[in-house]
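Heads up, the thing below is written out as structure tokens.
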Amino acid sequence: MSSRSTSSEIDGFEIGIAEIDLQHRQLNQLLQRLRNSADKQYGYAANAILGELVIQTRIHFAVEESLMRLLSYPETEAHIAEHRHLMEQLDKFRLRAQDFDVADGLASFIQTWLHEHIDSFDRKFVAHFIGKGIDPSAAPKVD
Ligand SMILES: [Fe+2]
Ligand SMILES: [Fe+2]
């Protein structure tokens, strides 16, 4: 793994919808912070970051799920099932995350899951969303 900036680890995972790519980058940055705090054995900090990660992940999934429903995406249910599966696993891990080894393992697990999910699921809705007329370059202004 390179030692470049944290966001570099999501390079190659852009799907081409700016707002969703921004959310994926933000999740990746939280994962990197979780890893860094785990390295330093800050169990309490890791737990706080994990709490934030859980919230941001829920928000991200809710955004994708709303878009899929509103745009009548045919594979909505299978995609939502994948999101639910991860949230269940996260909730289980979370109970043990004050142990920094668990937090580090958890960050790797979620990062791998995120990349695989983006490649096998998120990429698939792009053509459908654009076909329905969304603006792929629309994104919130970030300070
Ligand atoms: Fe997704
Ligand atoms: Fe996503």
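For ligands, and for the atoms within them, numbers begin at 1 and follow the listed sequence.
- Proximity of the aromatic rings of H24 and H115 is defined here by a centroid distance below 6.0 angstrom, and this criterion is not met.
- Using a cut-off of 4.0 Å between Lys/Arg side-chain N and Asp/Glu carboxylate O, D91 and R58 are scored as salt-bridged.
- In the model, H117 has a side-chain atom that pairs as donor or acceptor with a side-chain atom of H79 under 3.5 Å.
- For the Fe ion (ligand 2), the set of protein N/O/S atoms nearer than 2.8 Å consists of H24 NE2, H60 NE2, E64 OE2, D122 OD2, ordered by chain and number.
- Proximity of R35 to Q111: side-chain heavy atoms (C-beta onward) are separated by under 4.5 Å at one or more points.
- Ring pair F61/H83 is parallel by interplanar angle, where below 30° counts as parallel and above 60° as perpendicular.
- W113 and E82 get closest at one heavy-atom pair: CZ2-O, 3.7 Å.
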